[in-house]
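Sharing a structure with you now.
A, B, ... follow the sequence lines: proteins, then strands. Residue 1 opens every chain.
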Number of protein chains: 2
Amino acid sequence: MPRILIVDDDEKLLHMLRRTLVYEGYQVLTATSGLEALARLQEQPLDLIILDWLLPGLSGVEVAARLRAAGDSTPILMLTARDAVEDRVEGLDSGADDYLVKPFAPAELLARIRALLRRVGASQPERPLTYADLYLDPTTREARRGSRPLVLTPREFELLAFFMRHPRQVLPRQRILEEVWGYDFRGDENVLEVYIGYLRRKMEAGGEPRLIHTVRGIGYVLREA
Amino acid sequence: MPRILIVDDDEKLLHMLRRTLVYEGYQVLTATSGLEALARLQEQPLDLIILDWLLPGLSGVEVAARLRAAGDSTPILMLTARDAVEDRVEGLDSGADDYLVKPFAPAELLARIRALLRRVGASQPERPLTYADLYLDPTTREARRGSRPLVLTPREFELLAFFMRHPRQVLPRQRILEEVWGYDFRGDENVLEVYIGYLRRKMEAGGEPRLIHTVRGIGYVLREA
DNA sequence: TAACAACCTGAGAGTCCGCTGAGAACGGAT
DNA sequence: ATCCGTTCTCAGCGGACTCTCAGGTTGTTA
């Protein structure tokens, strides 16, 4: 169970991230300032640091630079609202290992976290997902139902992957939207129904039984029968 | 699994190199000064040393010279920011076996490491790469599709070689850029698309089926069908 | 069974991504 | 200095993907 430190001064985002990561089985620590982060880092070793670019006092870049200067090589995932190339470069130069622009979909954050942890060999390489006769390999982005290959768009792939990471669980619509579309999703919620439709059509194109079921009033669930 | 010692006082670079080499399956040790390097070398035998030219205290050249004076013949790969011919000569004179100018692409570093290790017969000689009807020999830089020779520029060759070292894996654009163009790549990412285009044109000039496929939103993959 | 809410689906608009041709910049060789 | 191979930049095109919308269907409740 890898330990992750999240450093951000936005309490709401912090809360959301904690919930998401804990849910995925990570052990989560938080800090709301650069100094607090450095303090936490001295207490115990960590497997990953998620660092906001803008922080009160010590900025994320400075925190990263200080860590690296001290010989600490813990992977750093930098968050930023900005998108300029120079920022990206500066971020990576300061010692960050990866970089994510807000707003982002939690699914993407999780993918990057897994990638970073895998890179340093911290823990589990991202295993292929299976449920019933479904097969999904996040590494090769291959998807199959039985022996029939599924051709999925990125959004469809992320959506199905999310279901497969939580099989047999009834997933509320709002949660799916937050996780797959992004924590700040503000569009028409009907888009979820549309994509469920896309997935069902592709997953049942060979006459196979339905796996994604509607739970009226709540959301959807991936299960047999 | 060959053991490699990296000696550099730039923590950032050290961190990057460790990541790259560990990922390739090498066992990595690090040191940030010449003295520390010599200490590490006494502890256990190594297969290769990557040595920065500029080091606090004992310089890279001095470290190499002392090693050779002590009768140690471990291959040394010298890194330097300078490009002057005299430096190169002095570096090689001091006992270095090869020489790499910063900044360099990780793919090039890996190629040199493999070459050095092969020279001393330390471990796996760099075998020719094959996939489907593709053939690529990194030593002779020969490339063929079936019996038809492919005339590739250096960049094209490195790009295809990278694909062939990770067949069937979907490789994210960013990863390809980092590995083939260099860890500090800052140009227009479109260059990757352009080179994919070059490769495809040459690889399919005989009417053969496509092997490098686009994975929209992610990157590319080398695979049949 | 009527009325309402929740969900599904087809169609199409708009956006984004990747492909390509043209040519500029670069560097080594002559 | 000029040439030539190589690398890279740029702009425009076309198509894939995402999302919205409207109308139809299904399920629930009174």
Side-chain angles (χ1 to χ4, degrees), chain A residues 83 85 101 103-105 107-108 141 143 150-160 162 170-174 176-182 184-205 210-221, chain B residues 83-85 88 101 103-105 107-108 141 143 150-162 170-182 184-205 210-221:
Chain A
D83 198 11
V85 176
V101 175
F104 49 85
E108 164 139 38
R141 269 200 114 66
L150 300 176
V151 181
L152 304 179
T153 71
R155 189 70 92 203
E156 290 164 0
F157 190 95
E158 283 309 324
L159 180 55
L160 181 53
F162 182 58
V170 175
L171 303 169
R173 304 164 61 90
Q174 201 48 46
I176 301 175
L177 286 167
E178 280 179 11
E179 298 279 344
V180 179
W181 269 263
D184 68 336
F185 177 79
R186 292 188 197 289
D188 186 343
E189 296 190 7
N190 171 254
V191 71
L192 174 56
E193 296 158 24
V194 173
Y195 271 82
I196 292 288
Y198 291 161
L199 274 184
R200 281 176 174 161
R201 195 184 315 171
K202 292 184 178 179
M203 289 166 65
E204 301 160 11
R210 175 152 298 188
L211 287 179
I212 297 180
H213 305 275
T214 304
V215 182
R216 203 179 164 80
I218 311 288
Y220 298 91
V221 59
Chain B
D83 197 11
V85 177
R88 178 182 167 79
V101 175
F104 48 84
E108 165 141 36
R141 286 197 95 72
L150 300 176
V151 181
L152 303 179
T153 71
R155 188 70 92 200
E156 290 165 1
F157 190 93
E158 283 308 325
L159 180 55
L160 182 53
F162 182 58
V170 175
L171 304 170
R173 304 164 62 90
Q174 201 50 44
R175 169 118 193 272
I176 301 175
L177 286 167
E178 281 177 11
E179 298 277 346
V180 178
W181 269 262
D184 66 340
F185 176 77
R186 310 175 172 209
D188 186 344
E189 296 190 6
N190 171 255
V191 71
L192 174 56
E193 296 157 25
V194 173
Y195 270 82
I196 293 288
Y198 292 162
L199 274 183
R200 281 177 174 161
R201 197 183 312 171
K202 293 184 178 179
M203 289 166 65
E204 301 160 12
R210 175 153 298 189
L211 287 179
I212 298 180
H213 304 274
T214 305
V215 182
R216 193 157 227 272
I218 310 290
Y220 298 91
V221 59

Query raised in the report: How long is the line joining NZ of A/K202 and P of C/dC8, in whole Å?
Result: 18 Å
Requested in this report: Starting at atom CG of A/L152, determine the distance to atom P of D/dT18, rounded to an integer number of angstrom.
Outcome: 10 Å
Query raised in the report: In whole angstrom, what separates A/L199's CG from C/dC8's P?
Result: 12 Å
Query raised in the report: Where along nucleotides 12-30 of chain C does protein come under 4.0 Å, by heavy atom, of base (B) or sugar-phosphate alone (S), with - for untouched nucleotides?
Result: -----BBBBS---------
Report summary line: For A/E204, the side chain to side chain donor-acceptor pair (under 3.5 Å) test, sequence neighbours excluded, returns A/R210
Query raised in the report: For the pair made of CD in B/E189 and P in D/dT7, what is the distance, rounded to whole Å?
Result: 19 Å
Query raised in the report: Among all residues two or more places apart in sequence or in another chain, which pass the salt bridge (Lys or Arg N to Asp or Glu O under 4.0 Å) test with A/R155?
Result: none
Query - Nearest-Å distance for atom pair CZ/P, residues A/R155 and D/dT20 - result: 10 Å
Query raised in the report: How would you list, by chain and number, every residue that makes a side-chain contact (heavy atoms from CB on, under 4.5 Å) with B/N190, sequence neighbours excluded?
Result: B/D188, B/E193, B/V194
Query - For atom CG of A/L192 and atom P of C/dC7, their distance in whole Å - result: 9 Å
Report task. Using only side-chain N and O atoms of B/W181, determine if any of them is under 4.0 Å from OP1 or OP2 of D/dT7. Result -> no
Requested in this report: Measure the distance from CG on A/D188 to C1' on D/dT18 and round it to the nearest whole Å.
Outcome: 12 Å
Query raised in the report: Roughly how far, to the nearest 0.5 Å, is the CZ atom of B/F157 from the CG atom of B/L199?
Result: 11.0 Å
Requested in this report: Output all residues satisfying side chain to side chain donor-acceptor pair (under 3.5 Å) with A/R216, sequence neighbours left out; order by chain, then residue number.
Outcome: none
**Report entry** Atom-pair distance (CZ on B/F157; P on D/dT7), nearest Å
**Finding:** 13 Å
Report task. Kindly write out the residues that satisfy side-chain contact (heavy atoms from CB on, under 4.5 Å) with B/V191, not counting sequence neighbours, or none if the list is empty. Result -> B/L177, B/W181, B/F185, B/Y195
